[in-house]
Each structure stands twice: as C-alpha cells, then as structure tokens.
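Okay, so here's the structure we're looking at.
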Number of protein chains: 4
Amino acid sequence: MHADVSAMPEHFFASDNVSGIHPKILEAIARANHGHAPAYGEDRWTEKAIQVVRDTFDTDAEVFFTFNGTGANVIGLAASTRPHHAVLCAKSAHLWTSECAAPERFFGGKLIPIEDRFGKLTPEAVAPYLKDARGVHTAQARVISLTQPTEWGTLYTVDEIRAFADFAASYGLLLHIDGARYANAAAALDVTFAELTTHTGVDILSLGGTKNGLLGGEAVLILNDELATEAAYARKQAMQLASKMRFIAAQFLAYLEEDLWRVLAKHANSMAQRLARALGDVRGLEFVCPVECNMLFPRLPPRALESLQNDFYFYAWDQDEGIARWVTSFDTTEEDIDSFAVAVKDVLS
Amino acid sequence: MHADVSAMPEHFFASDNVSGIHPKILEAIARANHGHAPAYGEDRWTEKAIQVVRDTFDTDAEVFFTFNGTGANVIGLAASTRPHHAVLCAKSAHLWTSECAAPERFFGGKLIPIEDRFGKLTPEAVAPYLKDARGVHTAQARVISLTQPTEWGTLYTVDEIRAFADFAASYGLLLHIDGARYANAAAALDVTFAELTTHTGVDILSLGGTKNGLLGGEAVLILNDELATEAAYARKQAMQLASKMRFIAAQFLAYLEEDLWRVLAKHANSMAQRLARALGDVRGLEFVCPVECNMLFPRLPPRALESLQNDFYFYAWDQDEGIARWVTSFDTTEEDIDSFAVAVKDVLS
Amino acid sequence: MHADVSAMPEHFFASDNVSGIHPKILEAIARANHGHAPAYGEDRWTEKAIQVVRDTFDTDAEVFFTFNGTGANVIGLAASTRPHHAVLCAKSAHLWTSECAAPERFFGGKLIPIEDRFGKLTPEAVAPYLKDARGVHTAQARVISLTQPTEWGTLYTVDEIRAFADFAASYGLLLHIDGARYANAAAALDVTFAELTTHTGVDILSLGGTKNGLLGGEAVLILNDELATEAAYARKQAMQLASKMRFIAAQFLAYLEEDLWRVLAKHANSMAQRLARALGDVRGLEFVCPVECNMLFPRLPPRALESLQNDFYFYAWDQDEGIARWVTSFDTTEEDIDSFAVAVKDVLS
Amino acid sequence: MHADVSAMPEHFFASDNVSGIHPKILEAIARANHGHAPAYGEDRWTEKAIQVVRDTFDTDAEVFFTFNGTGANVIGLAASTRPHHAVLCAKSAHLWTSECAAPERFFGGKLIPIEDRFGKLTPEAVAPYLKDARGVHTAQARVISLTQPTEWGTLYTVDEIRAFADFAASYGLLLHIDGARYANAAAALDVTFAELTTHTGVDILSLGGTKNGLLGGEAVLILNDELATEAAYARKQAMQLASKMRFIAAQFLAYLEEDLWRVLAKHANSMAQRLARALGDVRGLEFVCPVECNMLFPRLPPRALESLQNDFYFYAWDQDEGIARWVTSFDTTEEDIDSFAVAVKDVLS
C-alpha cells in the first residue's frame, strides 16, 4: 500500500490513530500512577471521570470506559438488542465495513446496511426498511446507528440528529451514535457534547478518545435507563473491562477538563481546512465531498495518487475512483500541511 | 466487602492488578510517544516486540498483543476450537469462574470444569473426561487449559507441564496455559520462559503483563502453526486489536529486555515469602496451601478476617471456610509486609 | 457397541426413541392431510392443539411446538436468559452431556453442572452455587433446570418440584424442566400434567412427545408471561419453526386427547416394572437405582453385559462400572420383556 | 393480510408449503413404521436414502437430513465458514430476508446482501465485493450463496451455475445453493439433479423436500470433502438431528425413487404456466418477471389485489408496487387454476 514508512515525514495523513499521546494525557496517566487502587473501575479516578462525563453531557447516563471503539460499539449494541434484532446503519459505516463481523458475532443479530450519501443517512432512506417486518421471519429493527462524523467526514447537524431521534422513537427504535471522532464533530459544529447528544435524544453513544490524543480509551454512554444493566455485563463479556481502569479514567479526566478535547479537535479540523484551502484551486484535484471536520477525500489521477503514496503515508479510499483519504490529527502542524500541499501540487503539475 | 479504601495504607493485598505502572514501563511508553506510527500493529515497536517475545521464548510462534487477560484467553481458545469443541479446565480456573461466560459466548462451545487440588489438575484427573465422546452428541474435547500459577498460587513444574503436553498430544488435544501471572511462575521455578513453554510443548499461552507492572497489556503466543490465521481474526473480532498498538508493544519491550519481568516477579514472590515467614508460627492462622509465588491463602477466624478487612484491602476467598487471599505485587515493600504482619498478629492475639 | 442390529429382535431396549409411531398418531397425521393450510402455525390444527395443551396443563401459557427435544430445551433457555446468565443443571443432565454445546452456542451463556444423585438435584445441592456472584465477573445464575424424569429414570415428586420452584423464586431464578419423558413421570407419579407443572410453579417446560409414540414433536410451555415474546423469535432462530406445523399439532391433538399420552407411558412404565420384577432376585445383577418409570440401570459383570449386547440392542451406560441402561417403550410387549429376562438370566447363570 | 381462511377454496396460492403430504410420501412413512430402529440416523432407511441421494446426484457427497430449510442453510454455511467469514447472497434471498438472523446467530459471521435482478446475481455483480478485503478489519468473503429457483421464481441455467462455480473457485470461495424448491428448478430446466449440481461444481446444496410433497424434510449435500466433519456436528448443534430419522429418510426414498420429485414439480410448474397463459392478455395485470417455475409475480391495481385476497389466500409481495406472489403446488388442480383465473379476470374487469 505504501513504500518505506521510516523514510517518510514523521506525521502521516493515514488516520488520526497514527498519532501519539497528547502530553497532558500522558501526564495524567503519570499522575494517576501513585499507590494502589481498586481494580475494575472501583477506584476514585473512575468515579470522578464518570461524574465529569455526566457533567459534560448534562446527563446521569451510565458511563462505561472501554479499550477501543469496536468494543464501545459492540457493547452499546449488545446492551440494546437481542439476537432477533437488527441494527440499521450506513453502508459505509465502520460497524458494517471494518469490524470483521464482531457485532454480529457478539450480539448474534443482524446488521442491515443502507445506501448512504457520503456517509449520511436520512429518515427517508431508513423508513423503507421499517415497514416490512413479517413477524418472526424477519429480524426486528431495533436500533438505528449513525456515525458522527461519518466515514466521509461529513456531519449531522444538531437538528438532523434530533430529527433522527424523534424518527427512531416514533418507531419504537433506539438511536445509537458511533462517535469515534465525536470531538471533531462537536468542535466543527461548535456545539457542546450535551447539545449534540443528550438534548437531541440520543440513546447510546460510543464516545471516542483514542483518535484525538488519548493513549487508548473510549466510553459508552447509555442514556436510556433500561439498558444499563445489560451494558455492564456486556462490557465484561466483550473483554473490555480494564483491571487498571484508573489509567483510562485519568485520560478522560484530562481530556474533558478545560475542554482539551475541543482544543485538539478544533486544531485537527483547522488543519484539514488549511489543506483544503491550499488545494482548493489546484487543477486535477477535487474534493468529492465537503471538508467538514478533519477528513478530506480528494480525487486525483491514479498515477498522482500512487506517486504521492511513495512519499506520504495515507490510504487510497477508492482505488477505482481515484479517491484518497487524508486525515489530520491533533498534532498535525502547519508545516506538515504546507509541505504536503506543495508535494501534492508538484505531483499534479 | 471492605471499609473506606482511602483511609487504608496505600498498598493493598487484594490483587496484583491494584498496583500501578512500573517506572520503566511508563518511560517506555513516553519514549514511544514520538511522531506518528502506522496503526494496528504495523509499527516498528510492535515488530520489534514480537521479535523480542520470540527470542525470549526461543520460538517463531505468532504473537498477538491484547488489552487484557480475558481477551488473551478467549483469542487463544477461539483460534483453537470450533463451537462443537470443549475446553477442559480446573473448576477454580479464572476461565471458568471469572470471565462471565465470555469464552462460551465468543467461541460458542463448552467449558468443562474439573475438580482440582488447590488449582492444579493432573492427567489422571483429566483422563476420565476424555473417554466418553459419543459422536456428535457430545462436545468434543479439544483443549486442556491449565493456569500457571494456579488461582491458588500453586505451580506446575516444568516436568508436570511437559507431562501434560505429552498427555494432551497423545489424545490429539492442544495444551493452553493461562499465564496471567506467568512471570511469577517462571521466577519462582527459576526457569526461563522458553524452558517453561516452548521446550515443554505448550501450544497456546496467554502471557500476562498487566499484573506485573504494565499499564495494560497481555500477549497470546500461538506456538502451533496451524492456529495462527484464526488467531489474527479472532483478535480483531474479540475487540482486542489496539489501534495505537505501539504503546502495548513498547511496554513489552521494556518488560522483556533485561529481564525486568523476572526482577519484578521475584520481588513480589519474595514479599509473599516474607509474609509467610512472618506469620508461619502464629497461632490461629494457617496457610491452606503452599506459598509458591505471590499469593497466600490464610485461614483465619472469621472475626479476625473481618477485623483485618476494616484496615486493609483484600478479599475473603472463601467466606464460609474463613480463607482469605493476599497477593503481593512488584511494588509491595518490606515495610508493607512488616506492618501488615504486625496487624495480623495483633488481630489474632 | 453392538453386533448386527438386523439380526436382533425387532424391539430394542436402547432408548424409547427407537420406537416408531403409535397408530393413532399416524392416523391423526393422515386426517390432517387434507387440503391446504396456512404455514408456520397459523392453521386451525395448531390453534386447537395449543388450546388443548393449555387445557391439559390448566394454564394460559404460551405454547411452541418444536421438532425435537434439544430444540425445545434451547428455546426455553434462550427465552429466559441473556448471554451473561448461567443455567444450573445436574451433571448428568442431557443438557450438559448430550447436546453438543448447542445451549452454550445458541444462548451464549454458561451451563453449570452440579453433582447429582442418580440424576436428582436438591435445593441444598444447588444453594452453594448461588452465593458467590461477584458482580460482572461471574455469569449470573438465572435458571435452574431439572430433568423429569432424570437421566437415571428417577422422579421428582410434586412436592419436590414445588419446593424447587419456591427455592428458585426465593432467589429470583426461573425453574425449567426438561421433560423429554414427561409423560412417563406424570404416569408414574399418577398426577396430571397440571398438578406436576402449573400448580407447582414451573416457569418453562420442555414437553416431550417423540419418545412416547409421536413421529416427531415436542412443545415448549412458557408459563411465565414475561418470556413469551422472546420464545417466539427464539424458535424461529433456533430453526425449529415448522412450515407444515399442522402435522406436529395434529400429533399433539391425538396425544393429549383421551389421555393417550398416559396410556402409552403407563404401559412403558409397567414393562419396566415387569422386567425389574423378573430380574429382582437374579444373582449377579442389581439395579443401581430405583426403577421409577421406564428406565432400568442394572449392574452386570462386564462379560455378561457384552454377551447380551451381541443379541440385544442397548447401551452400556457406564462401561467401567458395568452399568447398562434398558429403556422400555410404548410398544414394548410382555413377550419382549419375558424373553429378554430369560436371556439375561441365561447369560448370568 | 387476508380474510377468513376457512371460507376460502381449500387450495391456496400463498406458498407451496401450505400444501400437504403426497400420498406416496405418507405411505412411505407408514411402511417405515415397523418395529424399532436405531435412532439418529443409524437405521437402514437412512443408510439407503443417503445412497439414493448420492446415486441421484452422481456423487459420494456427505448427506445430512434435516427438519427444515433454514436448518439446512445454516448447517451448510456453518460447516463452511468461521465467524470471521462473510457469505455473499442476493438482497432478496431467504437467507437474508426471512431467517430472522439465524445464520448470523449460529455461524457468527456476516451475510452481505447484493442487489439482484429478480432474484438473480451475476459474477459481475458479486466481483466488486471481493476486491476490498482489508486484512483482519473486514469479514472475509468465503461463500457465494445462490437461490435456485430464486425468490422471484427465476432460474439459473446449468451454464450460469457452472460459471458461478468457476468464478467462486477462482477466488478461493465456495458455492452454496439454497434449493428449497430445487425440484421445481431441475424440472423446469429439464435437467437431472446431477447435471445441475455435481457436474457444475456446486460445493454445498440445501435440497428442499417439504415444499414439494413431503411432510417435512430437507437434505444438506456437502460436495466438498473438507467440510463434512463440521457439518455433522453443526447439524447436532443446530438442533436438526432427528432421533426418529427413519421417517425423514423414508420420505426421501419415496421422493427420489421413480423421480416422484420431478413428477410433482413438473405438475406445479405446469399449473403456473396454465395460470400465466390464462392471464397473459388480461388488461390491468402484468407479470413483472418471467414465469419460469411455480411462482408468479403479477402486478395488479391495489384495489384488485385486496379484493382478490378477500377470497383467496396469497401474499402481497410488494404492497407499494402492487405486486402479488402466487405459488402453485404439487396438488394444485386445473380447476383451482381455472376458477382462480376467472376470479382474477372478474376483479380486473
């Protein structure tokens, strides 16, 4: 897929999970590394971090810290479904394309992929999938899962999320959000987590941290009371219950306090904008969808794409269509962007 | 179970996962926190750490880093079984008692618990479970899983492991070791990991790190070539594939280089011996099984046990029998031991 | 296991599922074979059969016809559990020994085998398994499953079942009965199905039919309202929803009307008693447990056992212990018994 | 969906599983009802039936009789997949739409629905789903499942099946056929089962019987040697192992001997043709796809459709599109067809 990584610039555009740990996060881990603490989340860091998540989201939701995003998604879905249920999601959703059937294996039911437009679904696109449940023969739709931001870096507005929550509720369904890059969405929309989540009627949220400066850690928020017990056991069964939980909790404390999450996400988003601006008028390149957070999807001539990949580490998103994916991170610098932009222009000239 | 933890001494005897991160491990994480690195284990730290594990174990086994021990166990078993298979384990095994049916849920087959003696099984105890497979009606025994050290802190010698590997092979079965505290076993037996594992014929090992000074990280070693492909997918499906893998790999690099694992385990073991010696002659207390690594199982009068729990954080292992479990860690100090011993004597006098 | 079956008497003692279809059952199938009928249980035979089951059991329980007994058990358990639950059963239970991990695979949780005495459990034997649920680490006991009659042909009295139902309820658990030979139990105890089930507080029943004269058909009774929806989907997912359901329903109509079930079971039971009487005083043979319904467990010298197996088709229950299992059926004749008894005496003399 | 069924003609057009048992099949059951027989398929009827299946298909494939079609499909797929695998099928496939996630629940992996044209897939439609397997992140395509005839009653020719088998093999995939109405396909194509299956390179076949005159019974043919052991256990775990197997085997003996299957299927197919001819020129009705076997999909004005459903039992296939589904059976008579045709014309005039 790419040439020798060690010979490349030290900052990549492959994904935001190629970045490291933000210094404040690492400091928080070091500070929590003092003495002994009860295991499995019975410690005071976890207690406090849960409270901070609740305060930030303006909710008394149950909060479950997990190791990674697939784990967070699977726990949220397992807590809200039985094996005869179906989860409706975008055809481009990570859940459908990139979790190697972990959801199906773990919760036992069905994912149903729905054609999306640059990652986004609409109630209108989902509605036809809700009309035809023929009794026990059909897996029963139970959850609508949206990705925010989508895999194409596009965003649902607060109003769109609220409309989806109302739509789901009107069918007796639950609304799940895969928020692996949730900070980037909230920062781009310039709203609080509470506005985007609790106040819109989201039932279950996978709140990412790893892609925005954490060593590793995500959280599942169960905003629907009825599902909380299930989630606690699901986390254990999903092998996502950390014994030294304090070190995930400590990361979230640093992440949420003083809105570090927003500072980092805003920076990543602005780096994407900088790159989009730098390449906006370049001949031979077009962005196939709006650059709304920290992801860019340029269409390039195949040869240019490959040539760039020799020097920079990023993925071809759709080889046949000549579409690449570039992702900026909390630690992407202006120099990274500028020198990359020069290289892109070079290869296209 | 216990009174106010924050009022207790800062070192606990509840488990070795109440301890924190060894400074060298944390330094290794900090050192790896430089620039970007390919995700999901495609980075150079992971490449190197795998090689170091292989060198340490004198094997070319496939190595899979995971988040936690239940994950490691489940991946190892999932890679080696089909849903019509059974895994034979001790009735006291973590696998059976403390993983909330995660193995059954994930691999779909059967765990069969066998009566053990202070955690240990013998081929003689296992053999009766192998004679009666009535075709498709019975889950087919496929794996024997031993815990080393056992949940009672007892040890299998190198010869005992080798005999079990031969026994398993003679039935066409695989030998799995749950080594959440593997370092403590190897240190206590004064053998290398290679001698205890590769040279005895173990097929699959869950190699613990978290309980011996890591922030969090375990490894699955697949010493049997045929199982490796399965394990790679099983790790992903088991939600144990870290995106920022370099930070688990870096921990293992520090853990294995210069035998840090052994230094830490030896210390924990010696603290247990110190406590055993200090309380050896105390009236009203007996250790119900030999203290072979870093775990002690004293029988105490119920009232004494409860009284101690008011001041020290540890578990009653068997309330009815008045048996407690005390676990020492890499960071347990001589002062911890000595002042605890005094307190125990006090409460018994 | 046995010599040429075609050279043996046409009636076997291997199991009651070696028997065929009672003529009245076959007639009922033929009578239902008229015209078209809605599929999947929407037909009038099924509607009527469900009503007859309800009347017979004096309940308004949900009733689900299934193909076979493993299916019935799995549906009942799947409807009443989540994957973090455990089902407690006898170590000798079919569920544990003979369903090839189908329950674990399908419901995802844990079966916990408990030492039994000739198939029977007591609340006292079960109680220790209920005291030690350590939060999310342990699969949570949810169902106690008893086999009636047990695999050893022993019976729980109405009072024992009621005591178990009360015991289960006092722990917030459900009581499941595997009644593959339920007719034999009710006939032997001389009680109605209602007295043995609904009036004692059973929550879920697998009601056998196949072993007592049906071509094939079992029923799951969900006597606990909360579980019914789950069961309907579980039957479909468990691949136990017959399209031509009327032909299972018709069998149950014939089976329950005019107490055919009792007539057939009583006969089978009496044949077992006849054999027990005939061999009661024979030297070299003892029945290792009371003969309470249609199953006998004689201990014989190994050589005698093998010699008998050359001429008669039955199983060695425990080869090492020299214990055989003989099962009588609805169509076992007095001649079958008498000539078999002679043969047994011969081989022992 | 429909009005009072009991007031309707006794033959329905809802599905072929509303039909009963062909007299020869019922006779075969009655003939097998003699004496005792070893259970679980160890009997001579099963032995013979397996041989007859093999002879009919010109293969030495492993043959597993099952209760129903979902069971057959799930066993075939479970035998050929691991949980990280994906099965590619038509979006209209029964597997995807009508098995309530039983496949996902049982084998643990992913079904991937592909847009079809009146039920049919082409290698060209499947190919794009095979190019993008990103290592462990994506469920790995392992099986292509075709439905023959499709849910729309359309057929794959022998050449099309062979081309698909070659296509699958070229990607290292297996070809599975869901043949719930396989007899109708072979009869319509005027080929033997061997020509349609073994000689084209099919790996796994679900061979239906229930919809074409059996009381209940299907068979899984595993034409690929490597999968046979898995299938045997999968049948048991899938709760599809009949204890009184002889009564399924006896049905298949009668079904395959003297080509009863073909006689019955040809009749059903010809009844569909008769109906198609009778309504071919009727104004206000068109068949939306070719009538190739025993299924018709007419488009009717919604009011006409509903009016007809008051008097005849059949399903609206797509309410919004005004498409109904009519299915003829082995026992549909010319009078059924003719009087129904009159009624349709009436309602449209």
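Predicted model, so just to flag it, every value in this text is computed and none were measured. In what follows, every chain begins at residue 1, and chains take the letters A, B, ... in the order their sequences are listed. Heavy-atom basis, side chains included; hydrogens, waters and symmetry copies ignored.
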Would you name the heavy atoms of B:T210 and A:S243 that are closest together and state the gap between them?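 Shortest heavy-atom separation between B:T210 and A:S243 comes out as CG2-OG, 3.6 Å.
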
Between [options], the one whose heavy-atom pairs under 4.5 Å with chain B are most numerous:
{"options": "A:L215, A:I248, A:L214, A:T70", "answer": "A:L215"}
{"options": "A:A242, A:P23, A:A238, A:A14", "answer": "A:A238"}
{"options": "A:Y40, A:Y233, A:F67, A:F247", "answer": "A:F67"}
{"options": "A:N17, A:I21, A:N68", "answer": "A:I21"}

About how many Å separate NE2 of B:H36 and OH of A:Y313, when rounded to the nearest 0.5 Å? 11.5 Å

Can you tell me which portion of [X] sits under 4.5 Å from chain A's heavy atoms? Options are side chain, backbone, both or neither.
{"X": "B:A39", "value": "both"}
{"X": "B:R44", "value": "neither"}
{"X": "B:S15", "value": "neither"}
{"X": "B:T333", "value": "neither"}
{"X": "B:F12", "value": "both"}
{"X": "B:L26", "value": "side chain"}
{"X": "B:L241", "value": "backbone"}

Please classify the contact between A:S6 and chain B as side chain, backbone, both or neither, with a heavy-atom cut-off of under 4.5 Å. neither

Which bit of A:A72 is near chain B, if near means a heavy-atom gap under 4.5 Å: side chain, backbone, both or neither? neither

Checking side chain to side chain contact (heavy atoms under 4.5 Å, CB included) against B:M239, which of A:T66, A:V74, A:N73 comes through?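 Only one of A:T66, A:V74, A:N73 forms a side chain to side chain contact (heavy atoms under 4.5 Å, CB included) with B:M239, namely A:V74.
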
Whether [X] side chain and [Y] backbone form a donor-acceptor pair below 3.5 Å:
{"X": "B:K244", "Y": "A:V18", "value": "no"}
{"X": "A:R105", "Y": "B:F106", "value": "yes"}
{"X": "A:K236", "Y": "B:S98", "value": "yes"}

Mind checking whether A:E10 and B:H34 have side chains closer than 4.5 Å, heavy atoms only? yes

More than 12 heavy atoms from other groups under 6.0 Å of CD on A:Q51: yes

Interface residue of largest heavy-atom contact number with chain A, from B:P9, B:A32, B:G108, B:G71, under 4.5 Å: B:G71

